[in-house]
Novice: 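Below you will find the structure I want to go over with you.
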Amino acid sequence: EFLSAVRHYLHITTFVIDLAADGQTRICENYVVGNSLIKPWHPHIGSNEWAWLNPPYAHIEPWVKKAAEERVHLPNYAGIAMLVPASTGANWWRDWVDGHANVLLLNGRLTFVGHTAPYPKDCALLLYSLQHQPGYEVWNWRR
C-alpha cells in the first residue's frame with residue numbers, strides 16, 4: 001500500500017532499481033548485486049526514472065551521504081526515494097538530509113512486511129532529486 005502511494009506521488013509506474021536489496025527483499029526487477037555503496041548509482045537511473053532505497057536502519061549515514069552525493073549527477077526528472085526513520089536529531093540527518101533532500105514526513109505509521117504491528121518510530125521518505133528541492137512537508141500517504 002505504501003509503495004503504491006509513493007509511486008503515485010512520483011507519477012511513476014515502477015522503480016527502475018532497488019539500491020539496497022537482494023533477490024529476496026527487492027521491490028522491483030532490478031537491484032544492485034553486492035555492496036552498492038562502492039558503486040555509482042546514477043548510471044542506473046535514466047531521465048524520468050526513480051531508484052528505491054530502504055537502507056539498513058542500524059547504519060544509515062553512508063546511505064544518505066551517498067544519495068546526497070549522487071543527486072547532482074542524476075538526469076532530469078530522475079531521483080532516489082529513500083525510506084528512513086525520521087531521526088531529525090541525528091548527525092547524519094543534519095549533515096546529509098537537511099538541505100539535501102526533499103523530506104516527506106509520513107503521517108501514518110508503516111507496518112513492514114512480516115510484522116503485525118507498525119514500526120514504533122516515525123518515518124520519512126527522502127527524495128534526492130534536482131526537481132524536488134530540499135525542504136519539509138508532512139505527507140498523509142494513505143489519502
Side-chain angles (χ1 to χ4, degrees), residues 1-12 14-28 30-115 117-143:
E1 183 183 4
F2 174 70
L3 288 171
S4 178
V6 173
R7 289 190 300 267
H8 184 272
Y9 184 90
L10 296 173
H11 306 288
I12 60 172
T14 189
F15 289 96
V16 67
I17 192 164
D18 192 324
L19 297 168
D22 58 32
Q24 307 301 316
T25 62
R26 69 179 188 223
I27 60 108
C28 60
N30 296 318
Y31 62 98
V32 176
V33 176
N35 183 356
S36 71
L37 288 171
I38 61 172
K39 301 175 182 180
W41 295 347
H42 61 277
H44 301 284
I45 308 166
S47 185
N48 297 312
E49 294 180 332
W50 281 81
W52 174 255
L53 180 54
N54 187 7
Y57 289 179
H59 197 56
I60 297 174
E61 183 169 18
W63 298 93
V64 289
K65 179 180 188 281
K66 180 139 178 101
E69 293 168 349
E70 290 279 335
R71 176 182 179 262
V72 299
H73 301 292
L74 294 173
N76 288 334
Y77 305 103
I80 300 163
M82 183 185 309
L83 180 64
V84 297
S87 301
T88 59
N91 290 342
W92 61 262
W93 188 283
R94 178 199 63 214
D95 295 341
W96 303 108
V97 176
D98 189 41
H100 296 277
N102 181 269
V103 179
L104 301 178
L105 299 164
L106 304 183
N107 178 258
R109 294 263 168 106
L110 300 174
T111 301
F112 290 100
V113 174
H115 296 270
Y119 185 68
K121 298 179 181 179
D122 292 329
C123 289
L125 182 67
L126 310 179
L127 303 177
Y128 290 92
S129 167
L130 296 176
Q131 279 63 47
H132 289 82
Q133 294 304 309
Y136 291 84
E137 175 184 343
V138 175
W139 181 40
N140 184 345
W141 62 271
R142 288 193 173 111
R143 285 192 196 169

Novice: In this structure, which one of Trp141, Phe2, Trp139, Trp50 forms a ring-ring contact (aromatic ring centres under 6.0 Å, His included) with Tyr9?
Specialist: Trp139
Novice: Between Asn102 and Tyr128, do the side chains contain a donor N or O and an acceptor N or O under 3.5 Å apart?
Specialist: no
Novice: Without swapping roles, check the side chain of Asn30 against the backbone of Val16 for a donor-acceptor pair under 3.5 Å.
Specialist: yes
Novice: To the nearest 0.5 angstrom, please state how far the CG atom of Leu74 sits from the NE2 atom of His44.
Specialist: 12.0 Å
Novice: How long is the span from the CE atom in Met82 to the CH2 atom in Trp96, to the nearest 0.5 Å?
Specialist: 12.0 Å
Novice: Look only at the side chain of Ser129 and the backbone of Ala78, and say whether a donor-acceptor pair between them is shorter than 3.5 Å.
Specialist: yes
Novice: State whether the number of non-hydrogen atoms from other residues, nucleotides or ligands found under 6.0 Å of Arg142 atom CZ is greater than 12.
Specialist: yes
Novice: Look only at the side chain of Trp41 and the backbone of Ser36, and say whether a donor-acceptor pair between them is shorter than 3.5 Å.
Specialist: yes
Novice: Using every non-hydrogen atom in the two residues, find where Glu61 and Asp95 come nearest and quote the distance to one decimal.
Specialist: OE2-OD2, 4.4 Å
Novice: Say you draw a straight line from CG of Leu10 to CD of Glu49; how long is it, rounded to the nearest 0.5 Å?
Specialist: 13.0 Å
Novice: CG of Leu37 to NZ of Lys65: how many Å apart, nearest 0.5 Å?
Specialist: 10.0 Å
Novice: For residues Pro85 and Ile60, report the shortest heavy-atom separation together with the two atoms involved.
Specialist: CD-CD1, 3.5 Å
Novice: Show your working on side chain to side chain contact (heavy atoms under 4.5 Å, CB included) between Leu105 and Asp122 and close with a plain yes or no.
Specialist: CA-CA 8 Å; Leu105 299 164; Asp122 292 329; over 6 Å; no
Novice: Side chains of Tyr57 and Asn54 only: does a donor on one sit below 3.5 Å from an acceptor on the other?
Specialist: yes
Novice: Working to the nearest 0.5 Å, report the span between CG of Leu3 and NE2 of His8.
Specialist: 14.5 Å
Novice: State, with a plain yes or no, whether a side-chain heavy atom of Leu53 is found less than 4.5 Å away from one of Leu83.
Specialist: no
Novice: For Pro56 versus Trp63, what's the shortest heavy-atom pair and its separation?
Specialist: CD-NE1, 3.5 Å
Novice: For Asn35 versus Lys39, what's the shortest heavy-atom pair and its separation?
Specialist: O-CG, 3.8 Å
Novice: Using 0.5 Å steps for rounding, measure from the CG atom of Leu104 to the CG atom of Leu125.
Specialist: 5.0 Å
Novice: Take Ser87 and Trp92, measure what side chain to side chain contact (heavy atoms under 4.5 Å, CB included) needs, and give me the verdict at the end.
Specialist: CA-CA 9 Å; Ser87 301; Trp92 61 262; 3.6 Å; yes
Novice: Checking Glu70 side chain against His42 main chain: does a donor-acceptor pair fall under 3.5 Å?
Specialist: yes
Novice: Aromatic ring centroids of His100 and Trp93 under 6.0 Å?
Specialist: no
Novice: What are the two closest non-hydrogen atoms of Gln131 and Pro75, and how far apart are they?
Specialist: OE1-O, 4.4 Å
Novice: Less than 4.5 Å apart, side chain to side chain, heavy atoms only: is that true for Leu126 and Val84?
Specialist: yes
Novice: Give a yes or no answer on whether the side chain of Arg109 reaches the backbone of Pro120 with a donor-acceptor pair at less than 3.5 Å.
Specialist: yes
Novice: Can you list the residues that meet the side chain to side chain donor-acceptor pair (under 3.5 Å) rule with His73, with sequence neighbours excluded?
Specialist: none
Novice: If we only count heavy atoms from C-beta on, is the Glu69 to Pro40 side-chain gap below 4.5 Å?
Specialist: no
Novice: Take Glu137 and Val103 through the test side chain to side chain contact (heavy atoms under 4.5 Å, CB included) and record every step on the way to the result.
Specialist: CA-CA 6 Å; Glu137 175 184 343; Val103 179; over 6 Å; no
Novice: Checking Arg94 against Asp98 for the side chain to side chain contact (heavy atoms under 4.5 Å, CB included) test, could you report, in this order, the C-alpha distance in whole Å, the side-chain angles of both residues, the deciding distance, and whether it holds?
Specialist: CA-CA 5 Å; Arg94 178 199 63 214; Asp98 189 41; 5.7 Å; no
Novice: Can you name the nearest heavy-atom pair linking Asn48 to Ile12, along with the distance?
Specialist: O-CG2, 4.4 Å
